[in-house]
Amino acid sequence: MNLPDDFIFSQSSLQDYVDCPRRFQLRYLLKQRWPAPQVDDMLEFEHHMEQGETFHHLVHQHLVGIPADILAARITDPDLQRWFATYLKNGLQDVPARRRPESTLTVPLGDHLLLAKFDLLAVEPNGRALILDWKTGKHMPRAENLARRLQTVVYRYVLATGGSHLNGGKPVAPENIEMIYWYADHDGATLRFPYDAAGYAADRDYLLQLVDEINTRPDFPLTTDERRCRYCVYRSLNNRGVEAGSISEWDENNALELDMDDFSLDIEQIAEIEF
Ligand code: SF4
């Protein structure tokens, strides 16, 4: 058994594993500090992270009842002004009224737990169950790539498995679940991923297989796809290059922003490291 008993999986740790087993080992099993910057222009990178974090915070404040005009009056960054105006225009279009911003659900996964932190859950008892995720990146990924991302897999699976308290005590039927990525920098365009029972069963098998693999494998090899190393903080440890990838291509190369919780973690860790 490679994992400690109290290990809690998340979409980002599972994505790390799928992208590169060695990265998972370094980050979660060995808790290796980060020896290299993720991109070439760290100031710009941190600015982008902070913008995303602030946008999430603004939306959360709005969803818990602070009037939009009060929030809007405080914004000075032009990107944030535009994103927030877009959110007010269409971010909640057709979203059920029972809204739970920044909700966390944890469900069993094998002998471990799987945690999901949702930007917004909107569940109508016995009706639609929407998962909304706010994105502030410049690049919209292709839908077929996003469908395979662990965030899409994990979020829908966790809601179907552990959402009964939101649904009058009954499990949320997979057919009622839809995951929606909403893109602030694209005038609120969305990518939508409905769910069904067959998808739920396939996801359960896939997630359990990943956990079993992680727990039983004798070693954690480096990814064979060296493009992943350009933006990986462990590249100098693995002789996979010294130069950081360009921030101008980062969003596109990652095809996604990282989860906002990763952003906070990354900045905290980076701040402690002297380059
Ligand atoms: S540098 Fe490459 S091989 Fe090493 S952990 Fe990162 S992605 Fe994996």
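Atoms within each ligand, like the ligands themselves, are counted from 1 in listed order. The first residue of the sequence shown is numbered 1, and numbering continues consecutively from there.
- Shown here are the salt bridge (Lys or Arg N to Asp or Glu O under 4.0 Å) partners of Arg100, two or more places apart in sequence or in another chain: there are none.
- Summarising the geometry of Val154 relative to Ala116, their closest heavy-atom pair is CG1-CB, 4.4 Å, with the distance given to 0.1 Å.
- Residue Asp205 qualifies as enclosed at atom CG: its count of foreign heavy atoms under 6.0 Å is above 12.
- For Ala129 against Val172, the heavy-atom pair with the smallest separation is CB-CG1, 3.6 Å.
- Closest of all the heavy-atom pairs between Leu71 and Leu58 is CD1-O, 3.7 Å.
- With waters left out, the protein N, O or S atoms under 2.8 Å from atom 2 (Fe) of ligand 1 add up to 1.
- Side chains of Tyr200 and Thr161: a donor on one and an acceptor on the other come within 3.5 Å.
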